[in-house]
Student: 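Have a look at the structure that comes next, please.
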Amino acid sequence: MLRENIINFRNAYGYSQEEVAEKIGISRQAYAKWEKGETVPDIEKCALLAKLYETTLDQLYEDVEVIEGIPDAEKFPPGPKGKHIFGTVTMNDKGQIVIPKKAREIMGYKPGENLLVLGDESSGLALMKASDFIKGAFAAIKQARKKN
């Protein structure tokens, strides 16, 4: 768990062992022992790693989840706090998909809820609650009015 995650995080962020060690105030040799599974960092060092990788202590220790439909998913570190990969879905011939149960639960999507579909021609689609979009739009307008 931890051993695999710190390797995956370090690789995802493009750091060398030496760079991570320097950022958290230890020797490269001490850090290398963590990646080899020979020793385990104390809670203070884990907190520094979590901060460095913009994640939580729980996610630092979490088992890597296998994501269906994504090859080599076990090589992905857990996402930053509040970010998720829920897996892949298949679109039917009517353009319909089923949002994974875990995604619906975490995001609070309920049956019959209006979702806004956002698109970027180079990046793809995103979903969000229409009510959240409207709240954000009104907050932006209110902020702009304050500046004038």
Side-chain angles (χ1 to χ4, degrees), residues 1-92 95-111 113-140 143-144 147:
M1 289 183 293
L2 175 66
R3 179 182 150 315
E4 292 87 0
N5 286 346
I6 63 173
I7 291 169
N8 291 338
F9 272 121
R10 182 176 59 76
N11 289 332
Y13 278 72
Y15 294 141
S16 67
Q17 287 183 345
E18 190 167 341
E19 288 172 315
V20 174
E22 184 178 306
K23 289 177 185 295
I24 62 172
I26 62 169
S27 69
R28 187 203 56 78
Q29 292 83 356
Y31 181 82
K33 286 182 180 182
W34 298 347
E35 285 196 1
K36 290 177 190 171
E38 293 175 4
T39 61
V40 178
D42 64 32
I43 192 70
E44 290 176 3
K45 297 302 183 207
C46 286
L48 291 171
L49 287 169
K51 185 176 180 181
L52 176 66
Y53 296 129
E54 303 173 279
T55 193
T56 64
L57 287 172
D58 287 344
Q59 288 177 311
L60 200 60
Y61 271 93
E62 225 173 59
D63 276 331
V64 176
E65 235 180 284
V66 176
I67 303 166
E68 289 184 37
I70 300 179
D72 297 324
E74 70 279 357
K75 294 179 184 169
F76 294 158
K81 185 178 179 181
K83 308 293 183 192
H84 306 276
I85 298 176
F86 294 110
T88 62
V89 297
T90 302
M91 184 172 65
N92 70 18
Q96 299 166 325
I97 62 167
V98 175
I99 300 170
K101 182 180 181 190
K102 185 175 180 182
R104 294 190 313 265
E105 289 172 350
I106 290 173
M107 304 311 293
Y109 293 166
K110 305 283 186 233
E113 185 151 27
N114 286 321
L115 300 177
L116 182 65
V117 181
L118 305 167
D120 180 310
E121 291 180 11
S122 63
S123 299
L125 298 175
L127 297 174
M128 70 182 297
K129 291 181 181 180
S131 59
D132 289 346
F133 178 80
I134 292 167
K135 286 177 197 171
F138 281 126
Q143 187 68 23
K147 289 181 180 180

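Just so we're clear, the structure is a prediction, and the values are computed from it rather than from any experiment.
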Student: Quick one: do Asp132 and Leu116 satisfy side chain to side chain contact (heavy atoms under 4.5 Å, CB included)? Show the steps, please.
Tutor: CA-CA 9 Å; Asp132 289 346; Leu116 182 65; over 6 Å; no
Student: So Leu60 and Leu2, do their side chains get closer than 4.5 Å, heavy atoms only?
Tutor: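 The answer is yes; the side chains approach within 4.5 Å.
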Student: Please report the shortest heavy-atom distance between Glu19 and Gly14, naming the atom on each side.
Tutor: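 Residues Glu19 and Gly14, closest heavy atoms: OE1-O, 3.9 Å.
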Student: Would you name the heavy atoms of Tyr109 and Met128 that are closest together and state the gap between them?
Tutor: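 Distance-wise, the nearest heavy atoms are OH-CA, 3.6 Å.
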Student: Look at the rings of Phe9 and Tyr53 and say which category their plane angle falls in: under 30° parallel, 30 to 60° tilted, over 60° perpendicular.
Tutor: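 Ring orientation, 0 to 90° scale: parallel.
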Student: Could I get the full list of salt bridge (Lys or Arg N to Asp or Glu O under 4.0 Å) partners for Glu35, not counting sequence neighbours?
Tutor: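 Checked Glu35 against salt bridge (Lys or Arg N to Asp or Glu O under 4.0 Å); matches are Arg10.
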Student: Can you tell me if NZ on Lys33 sees more than 12 non-hydrogen neighbours from other groups inside 6.0 Å?
Tutor: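 No, because the 6.0 Å sphere around NZ of Lys33 holds 12 heavy atoms or fewer from other groups.
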Student: Side chains of Ile99 and Phe86: does their closest heavy-atom pair fall under 4.5 Å?
Tutor: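 Not in contact.
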Student: Any heavy-atom pair between the side chains of Ser131 and Asn114 that's under 4.5 Å?
Tutor: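 No - every pair of side-chain heavy atoms lies 4.5 Å or more apart.
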Student: Evaluate the side-chain proximity of Pro41 to Ile6: yes if any heavy-atom separation is below 4.5 Å, no if none is.
Tutor: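 No - every pair of side-chain heavy atoms lies 4.5 Å or more apart.
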Student: For the NZ atom of Lys51 and the CD1 atom of Ile24, what is their distance to the nearest 0.5 Å?
Tutor: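 The NZ atom of Lys51 sits 13.0 Å away from the CD1 atom of Ile24.
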Student: From Glu18 CD over to Gln29 CD, what is the distance, rounded to the nearest 0.5 angstrom?
Tutor: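 Spacing of CD (Glu18) from CD (Gln29) equals 8.5 Å.
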Student: Between Val40 and Trp34, is a side chain to side chain contact (heavy atoms under 4.5 Å, CB included) present by the stated rule, with each step listed?
Tutor: CA-CA 5 Å; Val40 178; Trp34 298 347; 5.8 Å; no
Student: Which atom pairs, donor and acceptor, lie under 3.5 Å between side-chain atoms of residues 118-127 and protein residues at least two apart or in another chain?
Tutor:
| residue | atom | partner | partner atom | Å |
| --- | --- | --- | --- | --- |
| Asp120 | OD1 | Ser122 | N | 2.8 |
| Asp120 | OD1 | Ser122 | OG | 2.8 |
| Asp120 | OD1 | Ser123 | N | 3.2 |

Student: Is there a side-chain contact between Glu44 and Leu48 (heavy atoms, below 4.5 Å)?
Tutor: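 Glu44 vs Leu48: side chains apart.
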Student: Should we say atom CD of Glu22 is surrounded by more than 12 heavy atoms from elsewhere, each under 6.0 Å from it?
Tutor: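 Atom CD in Glu22 is not crowded, with 12 or fewer foreign heavy atoms closer than 6.0 Å.
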Student: Between NZ of Lys129 and CD of Glu113, what distance do you get to the nearest 0.5 Å?
Tutor: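 Reported value, rounded in 0.5 Å steps: 4.5 Å.
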Student: Which pair of heavy atoms, one from Lys45 and one from Ile26, lies closest together, and at what distance?
Tutor: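 Smallest heavy-atom distance, with atoms named: CE-CG2, 3.5 Å.
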Student: Do Ile97 and Thr90 touch side chain to side chain, with heavy atoms closer than 4.5 Å?
Tutor: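 They are not in side-chain contact.
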Student: Using a distance-only test with no angle check, is there a side-chain donor-acceptor pair under 3.5 angstrom linking Glu54 and Tyr13?
Tutor: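 Indeed, the side chains of Glu54 and Tyr13 share at least one donor-acceptor pair under 3.5 Å.
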Student: Heavy-atom distance under 4.5 Å between the side chains of Val20 and Leu49, does that happen here?
Tutor: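 Yes - at least one pair of side-chain heavy atoms lies under 4.5 Å apart.
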Student: What pair of heavy atoms forms the shortest contact from Leu52 to Lys23, and how long is it?
Tutor: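 In this case the closest contact between Leu52 and Lys23 is CD1-CD, 3.5 Å.
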Student: Please list, chain by chain and in numerical order, all residues satisfying salt bridge (Lys or Arg N to Asp or Glu O under 4.0 Å) with Glu105, sequence neighbours excluded.
Tutor: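 Applying salt bridge (Lys or Arg N to Asp or Glu O under 4.0 Å) to Glu105 gives Lys101.
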